[in-house]
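Below is one structure, written out as structure tokens; comments come after it.
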Amino acid sequence: MKVFIDFDDVIFNTKEFKHDFKRMFIENGISGEIFDKYYNDPNDTRAVKTFDPWKQIERIHGELNIDTEEITRHVNDFIADMSVYVFDDVKDFVREIGAENICIVSFGEKELQTRKIVNSKIGDFICNIVITDNSKSESIMKILNENKLDKNEKVFFLDDRTEQINDIKKTISHVTTIFVKRPEGRYQEMVKDECCDHEAHNLKEALEIIVKTE
């Protein structure tokens with residue numbers, strides 16, 4: 001069995017992280033409006049965008065005369081320990097599935113995503129981690145080909161975004177997909193569609209689905 005699992009909003013409470021991160025900017029004299037205005041790169045035309053706080057600071061500096069060194073220090077201090085944002089059910093899920101059977105596949109800007117994952121301490125019990133700013137399906141296909149899994153071995157993909165699940169299902173049709181829609185997630189407007197084999201609202205429910213299916 002191989003379980004590929006998303007990081008943001010599945011393992012990590014990204015909504016709470018973003019709320020606290022934004023508050024940190026506000027506490028340092030940068031308004032919420034300015035934070036939101038420069039959150040994403042205006043030249044990034046992709047449907048799913050990555051977030052780079054250091055480039056965000058540069059964009060803000062283009063409009064406001066801020067102390068970039070000071071706010072950068074606050075950003076680095078803030079992301080130094082991300083363990084508080086890991087959902088409580090993650091460790092039980094990993095223990096039941098087995099860390100050796102799990103691979104985190106995360107979409108995001110390389111440096112920030114690496115630091116979020118490393119500083120969340122999730123790497124202490126899951127060592128297989130892939131970070132990409134391209135297609136998750138390409139990364140997963142590469143892993144499956146490299147590991148030469150038995151054709152009868154079950155493969156699962158857990159994500160909170162239906163477009164990611166749809167891409168996986170189109171590329172690797174035999175993967176069992178689980179749409180993870182936590183109440184704490186950012187994308188409550190998304191609903192289960194035909195690309196999602198199952199829906200879970202936490203990792204306890206996802207575990208039950210995997211056990212029954214496997």
Side-chain angles (χ1 to χ4, degrees), residues 5-91 94 104-127 129-134 136 139 158-161 163-164 180-190 201-203:
I5 185 168
D6 180 40
F7 182 73
D8 285 300
D9 298 292
V10 177
I11 288 175
F12 187 82
N13 193 334
T14 309
K15 183 178 181 179
E16 185 177 352
F17 162 78
K18 183 179 176 182
H19 174 270
D20 293 346
F21 190 78
K22 181 177 180 177
R23 184 176 61 190
M24 181 265 294
F25 271 68
I26 293 171
E27 289 172 351
N28 285 277
I30 297 169
S31 71
E33 291 75 18
I34 291 294
F35 178 90
D36 292 337
K37 180 179 179 180
Y38 293 106
Y39 186 79
N40 289 122
D41 181 354
N43 296 318
D44 186 352
T45 58
R46 294 174 298 178
V48 182
K49 306 178 191 302
T50 56
F51 171 58
D52 184 329
W54 301 282
K55 289 183 179 178
Q56 180 193 27
I57 291 170
E58 292 176 7
R59 291 192 292 271
I60 293 172
H61 184 59
E63 178 168 328
L64 301 178
N65 185 25
I66 61 170
D67 185 339
T68 56
E69 289 187 6
E70 177 72 4
I71 192 64
T72 298
R73 181 179 65 79
H74 284 294
V75 167
N76 291 336
D77 289 345
F78 183 87
I79 64 177
D81 184 358
M82 299 277 90
S83 57
V84 68
Y85 299 108
V86 175
F87 287 113
D88 292 338
D89 55 9
V90 174
K91 286 187 178 181
V94 175
I104 295 173
V105 182
S106 181
F107 175 85
E109 189 277 328
K110 190 81 170 182
E111 182 176 356
L112 175 64
Q113 210 65 2
T114 298
R115 290 169 72 169
K116 277 169 58 183
I117 292 173
V118 169
N119 296 339
S120 73
K121 309 296 191 295
I122 195 72
D124 292 352
F125 47 99
I126 301 178
C127 60
I129 299 170
V130 175
I131 299 171
T132 180
D133 59 0
N134 293 308
K136 286 186 181 181
S139 299
L158 284 65
D159 205 291
D160 67 306
R161 299 189 63 135
E163 74 270 14
Q164 296 284 4
V180 181
K181 188 173 183 178
R182 288 186 181 272
E184 306 92 340
R186 291 173 293 168
Y187 306 109
Q188 295 302 313
E189 73 281 3
M190 288 195 176
H201 303 98
N202 52 55
L203 289 186

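Keep in mind the model is a prediction, meaning the values are calculated, not measured.
- Residue Ser106 holds its OG atom at 8.0 Å from CD1 of Ile104, rounded to the nearest 0.5 Å.
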For Ile26 and Phe35, run side chain to side chain contact (heavy atoms under 4.5 Å, CB included): C-alpha distance rounded to whole Å, both residues' side-chain angles, the deciding distance at 0.1 Å, then the answer. CA-CA 8 Å; Ile26 293 171; Phe35 178 90; 5.8 Å; no
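- The shortest distance between side-chain heavy atoms of Phe87 and Ile11 does not fall below 4.5 Å.
- Side-chain atoms of Asn76 and Arg115 form a donor-acceptor pair, as typed in the model, at a separation below 3.5 Å.
- For the pair Asp8 and Phe107, the minimum side-chain heavy-atom distance is 4.5 Å or more.
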Yes or no on side chain to side chain contact (heavy atoms under 4.5 Å, CB included) for Gln113 and Asp133, after CA distance, side-chain angles and deciding distance? CA-CA 10 Å; Gln113 210 65 2; Asp133 59 0; over 6 Å; no
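- Of all the heavy atoms in Ser139 and Val105, the pair that sits closest is CB-CG1, 4.5 Å.
- Nearest approach of Pro42 to Arg59, heavy atoms of both residues: CD-CD, 3.9 Å.
- Here the rule is side chain to side chain donor-acceptor pair (under 3.5 Å) with Tyr187, and of Lys15, Arg161, Lys181 only Arg161 fits it.
- Ion pair Lys110/Asp52 not flagged as a salt bridge, since none of the NZ, NE, NH1 or NH2 atoms sits closer than 4.0 Å to an Asp/Glu carboxylate oxygen.
- At a cut-off of 3.5 Å, with distance as the only test, no side-chain donor of Gln56 or Asn40 sits close to an acceptor on the other residue.
- To the nearest 0.5 Å, atoms CG (Leu64) and NE2 (His61) are separated by 9.5 Å.
- With rounding to the nearest 0.5 Å, the separation of CD1 in Ile71 from CZ in Phe25 is 4.5 Å.
- In this structure, Lys55 does not pair ionically with Glu58, as no charged nitrogen and carboxylate oxygen lie closer than 4.0 Å.
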Side chain to side chain contact (heavy atoms under 4.5 Å, CB included) between Asp6 and Leu158: does it pass, once the steps are laid out? CA-CA 6 Å; Asp6 180 40; Leu158 284 65; over 6 Å; no
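- Ile5 CD1 to Ile126 CD1: the interatomic distance, rounded to the nearest 0.5 Å, is 6.5 Å.
- Shortest non-hydrogen contact noted between Leu203 and Asp89 is N-OD2, 3.0 Å.
- Note that Lys22 lies outside the cation-pi zone of Tyr39, set by a 6.0 Å cut-off to the ring centre and a 45° limit from the axis.
- Between the Ser120 side chain and the Met82 main chain, no donor and acceptor come within less than 3.5 Å of each other.
- Using a 4.0 Å cut-off between charged side-chain N and carboxylate O, Arg23 and Asp20 make a salt bridge.
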Apply side chain to side chain contact (heavy atoms under 4.5 Å, CB included) to the pair Arg73 and Phe78, showing each step before the final yes or no. CA-CA 8 Å; Arg73 181 179 65 79; Phe78 183 87; over 6 Å; no
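- Between Lys37 and Glu63, some side-chain heavy-atom pair lies under the 4.5 Å cut-off.
- Note: His19 NE2 to Asn13 CG = 11.5 Å, rounded to the nearest 0.5 Å.
- Between Asn134 and Thr132, the side chains place no donor N or O within less than 3.5 Å of an acceptor N or O (distance only, hydrogens not considered).
- Ionic pairing of Asp160 and Arg186 is not present here: no N-O contact between side-chain nitrogen and carboxylate oxygen is shorter than 4.0 angstrom.
- Nearest heavy-atom pair, Asp9 versus Arg182, reported as atom, atom and distance to 0.1 Å: O-CD, 3.5 Å.
- By the 4.5 Å heavy-atom criterion applied to side chains, Val180 and Asp159 are not counted as neighbours.
- In this structure, Glu69 places its CD atom where only 12 or fewer heavy-atom neighbours from other residues, nucleotides or ligands lie under 6.0 Å away.
- With a 6.0 Å cutoff to the six-membered ring centre and a 45° limit on the axis angle, Lys116 counts as a cation-pi contact of Phe17.
- Between Ile122 and Phe12, the closest side-chain pair of non-hydrogen atoms is not below 4.5 Å.
- The shortest side-chain heavy-atom distance between Ile66 and Ile57 falls under the 4.5 Å cut-off.
- In this structure, the separation between NZ on Lys136 and CD on Glu163 is 9.0 Å, given to the nearest 0.5 Å.
- Between Leu112 and Phe51 the shortest side-chain heavy-atom distance falls below 4.5 Å.
- No more than 12 heavy-atom neighbours from other residues, nucleotides or ligands sit within 6.0 angstrom of NZ on Lys91.
- Atom CG of Asp36 sits in a crowded spot, with more than 12 heavy atoms from other residues, nucleotides or ligands closer than 6.0 Å.
- Between Thr72 and Asp67, the closest side-chain pair of non-hydrogen atoms is not below 4.5 Å.
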